Amino acid sequence: AKADPILKVDKITRQFGGITAVDVEHLEVQRGVITALIGPNGAGKTTFFNLITGFDKPTSAGHGAHWEFDGRALNRTSASSVARSGMVRTFQLTKSLSRMTVMENMMLGAQGQAGESLAKALFRPFWAGEEKQIEEKALELLARFKLHEKRADFAGSLSGGQRKLLEMARALMSDPKMIMLDEPMAGVNPALTQSLLGHIQSLRDEGMTVLFVEHDMHVVRHISDWVVVMAEGRVVAEGAADTVMSNPAVIDAYLGAH
Ligand code: ATP
């Protein structure tokens, strides 16, 4: 396939004290495909997510450091403008979001980032005037994810799998170009696994770019078009799922973790 990167990252580094959590030389995510980011515990996957979404800042923006999303430089961008540019991540339900209804969670998603500034979002309902359309969109998405009947329930009462669906539906409220999922299958019971995988694939089939972090290799093999492997903060391998998972460097990276 012809390369058409939606996300391009060059030289991004993050250290915590003496630990180099992320030291990525170059990484691209292609538009319209599902890319899995895998690697042993502590490889730097979450830190990388935080960096590119503006939730964390790189340690040094040295020579050649540059990253861009959809043709737009992100080096000095806040989390909310990253979200507005179309790169949106899912958030696990926090305590305060659990105490809100499913529908209220969706309305916050329309704000762009439910995780970032809950209080601000609540006091500044940007959708004033457009409430009707936003509500309709929320209801459509809830129907799509079969959460329609739960709309008045507290989000905290949902099962593990339903929470993951809500996290995804909420992220979609801002019409992202790329959705980033952190372990979308964690805590999901087997009955909902297939349905979640199906939802992720349909998003891709509709043209959305998906980047996800996942430990379950069956899931990775099953739905990824491309797999990027991180170890000790670096990209150590990438390629099609089957190729990557039979790569000695990848096997080493995982064995190294045990
Ligand atoms: P996992 O698969 O377990 O979630 P990961 O690949 O997401 O791991 P990170 O959570 O990004 O890895 O962690 C990378 C390294 O950075 C680890 O050594 C971790 O201990 C360290 N680290 C991450 N966040 C912080 C922090 N806020 N303060 C100090 N060290 C941190």
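Keep in mind the model is a prediction, meaning the values are calculated, not measured. One-based numbering, in listed order, for ligands and for the atoms of each.
- For ligand 1, the atoms sitting less than 4.0 Å from at least one non-hydrogen atom of His215 are 2 (O), numbered in the order shown with element in parentheses.
- Contacts between Ile19 and ligand 1, counted as non-hydrogen atom pairs separated by less than 4.0 Å, involve the side chain only.
- Side-chain atoms of Thr101 come within 3.5 Å of backbone N or O of Glu104 as a donor-acceptor pair.
- The pair Lys164-Glu167 meets the salt-bridge criterion, with a side-chain N (NZ, NE, NH1 or NH2) lying under 4.0 Å from an Asp/Glu carboxylate O.
- A salt bridge does not link Arg234 with Glu25: none of the charged nitrogens is closer than 4.0 Å to a carboxylate oxygen.
- Across Gly233, Ala21, Gly42, heavy-atom proximity to atom 17 (C) of ligand 1 is greatest for Gly42.
- At least one protein heavy atom sits closer than 4.0 Å to atom 15 (C) of ligand 1.
- The closest approach between a heavy atom of Glu183 and any atom of ligand 1 is not below 4.0 Å.
- Between Gly44 and ligand 1, a contact under 3.5 Å exists for at least one N or O pair.
- Because its NZ or CZ atom is not both nearer than 6.0 Å to the ring centre of Phe48 and within 45° of the ring axis, Arg14 does not count as a cation-pi partner of that residue.
- Nearest protein neighbour of atom 11 (O) of ligand 1, counting heavy atoms only, is Thr47 OG1, 2.6 Å.
- Under 4.0 Å from ligand 1, not a single heavy atom of Met230 appears.
- Side-chain polar atoms of Glu28 and Gln30 form a donor-acceptor pair below 3.5 angstrom.
- For Asn50 and Arg89, the side-chain atoms include at least one donor-acceptor pair closer than 3.5 Å.
- Residue-ligand proximity, Ala43 to ligand 1, at heavy-atom distances under 4.0 Å covers atoms 5 (P), 6 (O), 12 (O).
- The nearest heavy-atom contact from the protein to atom 10 (O) of ligand 1 is Thr46 CB, 3.8 Å.
- Residue Lys45 has at least one heavy-atom neighbour below 4.0 Å for each of these atoms of ligand 1: 1 (P), 2 (O), 5 (P), 6 (O), 7 (O), 8 (O), 11 (O), 12 (O).
- Under the 4.0 angstrom criterion, atom 20 (O) of ligand 1 counts as lacking any protein heavy-atom contact.
- Remark: side-chain polar atoms of Lys45 are paired, donor with acceptor, to backbone N or O of Gly39 under 3.5 angstrom.
- A salt bridge links Asp70 and Arg31; the closest N-O separation between the charged side-chain nitrogens and carboxylate oxygens is under 4.0 Å.
- For atom 27 (N) of ligand 1, the nearest protein heavy atom (residue, atom name, distance) is Phe16 CE2, 3.6 Å.
- Nearest protein neighbour of atom 3 (O) of ligand 1, counting heavy atoms only, is Asn41 OD1, 3.1 Å.
- Salt bridge Arg144/Glu206: present, at least one basic N to carboxylate O contact under 4.0 Å.
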